[in-house]
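Worksheet for the structure shown next.
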Amino acid sequence: MRVIAGKYRSRRLKTVDSYSTRPTTDKNKENLFNMIGPYFQGGICLDLFAGSGGLGIEALSRGMDELYCVDKQYKAFQVIRENFKSLNIDHGHVYKMDYRKALEKFKDMGLVFDLVLLDPPYSMKTNQSIIDYLADNHMLNNQCIIVIEDKIEEALTFNAPFYLYKQQTYGITILQIIKYKGESS
């Protein structure tokens, strides 16, 4: 796996050697960022089920200012730290914890996100509750982009303050790009 574009372009990333982590392919990553950007003018990114951190690192490479990666697996935590170190990323933060505890921590820290990446284990059925929590706790800037990757049968439907911006299917997987239209805190 590698970084596709931006500051860290063509740099190789380590991946997690585990069946419970599925890295996003370079092709799907490139398609995703072409759908949402492809570049950013700053902002804070949350990669909540980060795996190797590849999606969040791609967002940093393409102009995000800061990255918060969360994964509860120790192997994933180690790999993200190694990827940060190999790229000399000093504005990336990695947390080894359950996503619910991480969300509470970030709420207490007063973080407000501009890009949220959600790629939980398939069939976890938690994406809706996560985006609702983020909105209810004023953790999303107006026009925040939320990327959800899940199985097709787990596709969400959205009501205000969220709206479906773009959607793409890849085999059994659906990629939904959502925008948040609300007030930032």
Side-chain angles (χ1 to χ4, degrees), residues 1-18 20-73 75-96 99 102 106 111-122 127 130-131 134 139-141 143-150 164-171 173-180:
M1 183 169 53
R2 64 188 174 89
V3 179
I4 306 297
K7 180 179 179 178
Y8 306 115
R9 183 174 190 257
S10 299
R11 300 283 301 272
R12 292 253 172 232
L13 297 173
K14 287 189 173 190
T15 59
V16 180
D17 185 21
S18 168
S20 59
T21 301
R22 17 165 251 290
T24 302
T25 65
D26 287 350
K27 180 182 175 185
N28 287 356
K29 188 174 6 174
E30 186 169 13
N31 289 339
L32 161 65
F33 282 93
N34 285 336
M35 290 169 69
I36 65 172
Y39 295 94
F40 305 101
Q41 300 297 315
I44 299 175
C45 176
L46 170 62
D47 192 351
L48 197 54
F49 301 90
S52 64
L55 288 178
I57 291 170
E58 188 75 32
L60 272 181
S61 184
R62 293 172 182 250
M64 281 281 151
D65 293 322
E66 202 164 357
L67 170 61
Y68 289 82
C69 289
V70 177
D71 205 295
K72 70 177 185 178
Q73 287 187 68
K75 285 181 183 179
F77 172 76
Q78 284 181 305
V79 166
I80 296 166
R81 285 178 43 172
E82 290 172 21
N83 283 333
F84 282 179
K85 185 176 181 182
S86 73
L87 297 173
N88 295 317
I89 292 173
D90 58 2
H91 45 288
H93 314 276
V94 60
Y95 295 87
K96 183 202 165 300
Y99 75 93
F106 298 152
L111 291 175
V112 181
F113 300 103
D114 300 284
L115 175 64
V116 176
L117 305 168
L118 299 176
D119 187 7
Y122 284 161
N127 290 322
I130 290 170
I131 64 174
L134 291 167
M139 297 171 69
L140 302 173
N141 273 322
Q143 296 301 314
C144 175
I145 297 170
I146 302 167
V147 177
I148 298 175
E149 185 177 338
D150 211 334
L164 184 63
Y165 178 63
K166 294 182 181 177
Q167 182 169 285
Q168 181 69 44
T169 58
Y170 302 97
T173 302
I174 189 164
L175 184 65
Q176 293 183 295
I177 313 296
I178 296 99
K179 285 202 175 180
Y180 173 75

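When reading the values below, keep in mind they use all heavy atoms of this one structure, side chains included, and skip hydrogens, waters and symmetry mates.
A 4.5 Å side-chain heavy-atom check between R62 and I4 finds at least one atom pair inside the cut-off. Between Y180 and L134 the shortest side-chain heavy-atom distance does not fall below 4.5 Å. Counting heavy atoms from C-beta on, the side chains of I148 and I178 come closer than 4.5 Å. Within the 4.5 Å cutoff, the side chain of M64 has heavy atoms near those of the L115 side chain. You'll find the side chain of L55 reaches within 4.5 Å of the side chain of L32, heavy atoms only. Side-chain contact between N127 and P120 is present, with at least one heavy-atom pair separated by less than 4.5 Å. Looking only at side-chain heavy atoms (C-beta outward), M139 and V112 stay at 4.5 Å or farther from each other. In this structure the side chain of L118 reaches within 4.5 angstrom of the side chain of I131, judged on heavy atoms.
Here K96 pairs with Y74, F77 under the side-chain contact (heavy atoms from CB on, under 4.5 Å) rule; sequence neighbours left out. For K14, the salt bridge (Lys or Arg N to Asp or Glu O under 4.0 Å) partners at least two apart in sequence or on another chain are E82. A search for salt bridge (Lys or Arg N to Asp or Glu O under 4.0 Å) contacts involving R12 returns nothing, not counting sequence neighbours. Every residue two or more places apart in sequence or in another chain that forms a side-chain contact (heavy atoms from CB on, under 4.5 Å) with N34 is listed here: E30, P38. Judged as a side-chain contact (heavy atoms from CB on, under 4.5 Å), and not counting sequence neighbours, K85 has no contacts.
Taking CD of E66 as the start and CG of L60 as the end, the distance is 9.0 Å to the nearest 0.5 Å. To the nearest 0.5 Å, the span separating CE on M35 from CD1 on I177 amounts to 4.5 Å. A distance of 9.0 Å separates CD1 in I145 from CG in D114, rounded to the nearest 0.5 Å.
For the residue pair G53 and C69, the shortest heavy atom distance occurs at CA-SG, 4.3 Å. Pairing each heavy atom of V116 with each of C144, the nearest pair is CG2-SG, 4.1 Å. Here the closest heavy-atom approach between residue V3 and residue Y8 is recorded as CB-O, 3.3 Å. Of all heavy-atom pairs spanning A102 and L48, the tightest one is CB-CD1, 4.5 Å. For the residue pair H93 and F84, the shortest heavy atom distance occurs at N-CE1, 3.6 Å. Of all non-hydrogen atoms in L13 and G54, the two that sit nearest each other are CD1-CA, 3.8 Å.
Between the side chain of D47 and the backbone N or O of L67 there is no donor-acceptor pair closer than 3.5 Å. When atom types are taken as modelled, the side chain of S61 and the backbone of K7 share a donor-acceptor pair closer than 3.5 angstrom. R11 places a side-chain N or O within donor-acceptor distance of the main-chain N or O of S86, the cut-off being under 3.5 Å. At least one donor-acceptor pair closer than 3.5 Å links the side chain of D65 to the backbone N or O of G43. The closest donor-acceptor contact from the side chain of E58 to the backbone of A5 lies under 3.5 Å.
Within 6.0 Å of the CZ atom in R2, the count of heavy atoms belonging to other residues, nucleotides or ligands exceeds 12.
The ring-ring contact (aromatic ring centres under 6.0 Å, His included) analysis of residues 26-64, with sequence neighbours excluded, yields the pairs F49-Y99.
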